[in-house]
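Here's the structure we're looking at; comments come further down.
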Amino acid sequence: MSNKMWGGRFESAPDAIMEEINASIGFDYKLAAQDIAGSKAHVAMLAQQGIVAQEDAAAIAKGLDEVAGEIESGTFTFSRALEDIHMNVESRLAALIGPTAGRLHTARSRNDQVAVDFRLWVRDTIDALDRQLLGLQQALVDKAQAYAGAVMPGFTHLQSAQPVTFGHHLLAYVEMLGRDRSRLRDARARLNECPLGAAALAGTSFPIDRHMTAKALGFDRPTANSLDSVSDRDFALETLSAAAICAVHLSRFAEEIVLWATPQFGFARLSDKFTTGSSIMPQKRNPDAAELVRGKAGRIIGALNGLLIVMKGLPLTYSKDMQEDKEGAFDSLQNLSLCVAAMTGMVKDIAPDLKRMKAAAGSGYATATDLADWLVRELNLPFREAHHVTGRLVGAASARKVGLEKLTLEEMQAVEPRITPAVYAVLGVDNSVKSRVSYGGTAPANVRAQARAWAKKLAKDAARVAGA
């Protein structure tokens, strides 16, 4: 038998393989709440415009509430034979209220229906991610305030470069996450147009009010072109792009946690809550949560690539290829949410080893730039000459296998006779970080000020989100 929801043109049922490749209910059931919300807004508008009788609209709305209750309680039976969430909901509605359910699909198509459902889901997910990322930022700021003066090595090329503070390091990720949240909010602003009413691709001859449905669903306005309305997936691509960049940020931080937790670094320790053991090596404490955050970045980036490839060759308007837009997006954004939750837990849990970090901050001649700067300031040497003099002093210290601060004044003056005992004041790591007072620098006073500024901003964000 042909599909009773759309099969008037067909004399036989689809092949089993066709049903297998065509069905999307295995993943688009996640759109149930959005599908029902869109249908309720649509039928209310149909009644307002006199397209559907008020009593029919009331019956449909009541039936949709019953369907929503069944789905929420877990008693709803999803059918692969009905292909997707739209047909599953409409079929159950028909079982509940009879032929009146058929009036719900007046002046719309599954094309504009899925477009509005998917936009609503992505919008809801962006809002949830924004709240999560705000929480991660707050956890990082709290930790940064606690460790604003804790000295650690700063790296370039993964080689010791200059001393920084642990608080300053954490605030770098607060900045990254701030950009991530900004990108997600930008994507949300652009997606917040309603495609409902574009119908299959050309609009409809019924006197619908698209502004009414857009407003009812919380959109800023209806989409302006019916062709673009049903074929656009920029909103998903843009959100996945923001998600991929965010995942890269989380992955970079996760990699640092993995390094810090090694015996070789020993900069920080995660508790049992975010580590696992080995099946064969009793001594092991593996930072698996961080490793999984790092690993999941691949599937999040892959979802963006996958949808770009799906969309790149599609002529206007809708093609069934676009059914491939949701599964990757669902997986990607849900995994990003999991990664943010795990990272927030690790940030709150992590215990830095202050002595180990400070000792490492002074290794590798990390205060060499401070020495070069001192030569410029105090002896008026051109920086390039100061760089050369410092390089020779590093070579002398390296030959003796000591730090710069262990060179005698006579050894330093053998390279540059005008060096005075005052030079030793800049060779300690504490003095080094205190001296970095330029805006955005690592001086503890700067870090505390930046942390306070972020805490104030995030408190305002939290109040705005709570009141939304």
Side-chain angles (χ1 to χ4, degrees), residues 21-24 26-31 34 84-85 109-130 132-133 176-177 179-195 198 200-201 219 223-252 254 292-340:
I21 198 172
N22 192 47
S24 60
F27 51 85
D28 70 14
Y29 71 90
K30 295 177 187 291
L31 297 175
Q34 291 79 15
D84 57 31
I85 186 61
S109 161
R110 278 194 294 176
N111 293 355
D112 62 337
Q113 190 177 356
V114 71
V116 75
D117 290 1
F118 196 20
R119 280 182 190 247
L120 287 170
W121 186 90
V122 171
R123 190 179 71 184
D124 291 344
T125 302
I126 287 174
D127 291 343
L129 281 169
D130 184 64
Q132 281 192 287
L133 290 168
M176 294 182 213
L177 295 169
R179 295 192 295 272
D180 291 328
R181 291 181 62 210
S182 177
R183 275 184 282 267
L184 286 168
R185 288 195 300 271
D186 286 347
R188 190 195 194 282
R190 270 183 286 279
L191 75 77
N192 209 36
E193 297 182 347
C194 184
L201 76 161
F219 289 104
T223 50
N225 182 285
S226 61
L227 300 174
D228 182 54
S229 298
V230 299
S231 64
D232 168 45
R233 292 298 182 270
D234 287 2
F235 64 92
L237 288 168
E238 189 171 2
T239 303
L240 288 174
S241 177
I245 295 170
C246 182
V248 167
H249 291 154
L250 298 180
S251 181
R252 294 180 71 181
L292 287 165
V293 169
R294 187 178 60 186
K296 285 180 182 295
R299 69 197 292 171
I300 295 168
I301 295 165
L304 170 62
N305 289 339
L307 185 53
L308 284 167
I309 293 166
V310 166
M311 297 302 297
K312 73 173 182 61
L314 297 187
L316 294 180
T317 57
Y318 182 84
S319 296
K320 197 70 172 192
D321 312 50
M322 292 167 69
Q323 184 168 290
E324 294 297 313
D325 60 356
K326 285 174 284 297
E327 200 166 6
F330 292 159
D331 179 82
S332 171
L333 297 178
Q334 288 165 352
N335 272 283
L336 180 60
S337 174
L338 181 59
C339 288
V340 176

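Here the structure is a predicted model, which is why all the values come from computation and not from measurement.
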Looking at every heavy atom in both [X] and [Y], which two are closest together, and how far apart are they?
{"X": "Ala115", "Y": "Ser229", "value": "CB-O, 3.8 Å"}
{"X": "Asp84", "Y": "Asp28", "value": "CB-OD2, 3.2 Å"}
{"X": "Val310", "Y": "Leu314", "value": "O-CG, 3.4 Å"}
{"X": "Leu227", "Y": "Thr317", "value": "CD2-CG2, 3.4 Å"}
{"X": "Val230", "Y": "Ala200", "value": "CG2-O, 3.5 Å"}
{"X": "Ala247", "Y": "Ile300", "value": "CB-CD1, 3.8 Å"}

Can you tell me how far the [atom1] atom of [X] sits from the [atom2] atom of [Y], to the nearest 0.5 Å?
{"X": "Asp180", "Y": "Arg185", "atom1": "CG", "atom2": "CZ", "result": "10.5 Å"}
{"X": "Leu201", "Y": "Ser109", "atom1": "CG", "atom2": "OG", "result": "8.5 Å"}
{"X": "Phe27", "Y": "Glu324", "atom1": "CZ", "atom2": "CD", "result": "6.0 Å"}
{"X": "Ile245", "Y": "Leu240", "atom1": "CD1", "atom2": "CG", "result": "11.5 Å"}
{"X": "Asp234", "Y": "Leu307", "atom1": "CG", "atom2": "CG", "result": "9.5 Å"}
{"X": "Gln323", "Y": "Ile21", "atom1": "CD", "atom2": "CD1", "result": "9.0 Å"}

| said: Looking at Leu308, I want to see if its CG is surrounded by more than 12 non-hydrogen atoms of other residues, nucleotides or ligands under 6.0 Å. | reply: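 More than 12 heavy atoms, drawn from other residues, nucleotides or ligands, come within 6.0 Å of this atom.
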| Above 12 or not: heavy atoms from other molecules or residues under 6.0 Å from NZ of Lys320? |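 Yes, enclosed.
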| request: Evaluate the criterion salt bridge (Lys or Arg N to Asp or Glu O under 4.0 Å) for residue pair Asp186 and Arg183; output intermediate values, then yes/no. | output: CA-CA 5 Å; Asp186 286 347; Arg183 275 184 282 267; over 6 Å; no
| query | Mind checking what makes ring pair (Phe, Tyr, Trp, His ring centres under 6.0 Å) contact with Phe330, not counting sequence neighbours? | reply |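 Scan of Phe330 (ring pair (Phe, Tyr, Trp, His ring centres under 6.0 Å), adjacent residues dropped) gives Trp121.
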| request: Let me see the working for Leu133 and Leu184 under side-chain contact (heavy atoms from CB on, under 4.5 Å), right down to the final yes or no. | output: CA-CA 11 Å; Leu133 290 168; Leu184 286 168; 3.8 Å; yes
| said: Here's one to test your reading of the geometry: is the NZ or CZ of Lys326 within 45 degrees of the ring axis of Phe118 and under 6.0 Å from its centre? | reply: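 That pair qualifies as a cation-pi contact.
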| said: I want to check a possible cation-pi pair here: Arg123 against Phe235, using under 6.0 Å from ring centre and within 45° of the ring axis as the test. | reply: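 No, Arg123 and Phe235 do not form such a contact.
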| field | Where at least one partner belongs to residues 329-339, residue pairs that pass side-chain hydrogen bond (donor to acceptor under 3.5 Å, both in side chains), sequence neighbours excluded | value |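 Found Gln132-Ser337, Lys296-Asn335, Arg299-Asp331, Asp331-Asn335.
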Verify, without hydrogens or angle tests, whether [X] (side chain) and [Y] (backbone) share a donor-acceptor contact under 3.5 angstrom.
{"X": "Arg119", "Y": "Leu191", "value": "yes"}
{"X": "Ser241", "Y": "Leu237", "value": "no"}
{"X": "Thr223", "Y": "Cys194", "value": "yes"}

| request: Go through the structure and list residues passing side-chain contact (heavy atoms from CB on, under 4.5 Å) with Asp124, not counting sequence neighbours. | output: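 Only Gln34 meet the side-chain contact (heavy atoms from CB on, under 4.5 Å) criterion with Asp124.
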| said: Please determine whether side-chain contact (heavy atoms from CB on, under 4.5 Å) holds for the pair Val340 and Leu177, giving the CA-CA distance in whole Å, both sets of side-chain angles, and the decisive distance to 0.1 Å. | reply: CA-CA 10 Å; Val340 176; Leu177 295 169; over 6 Å; no
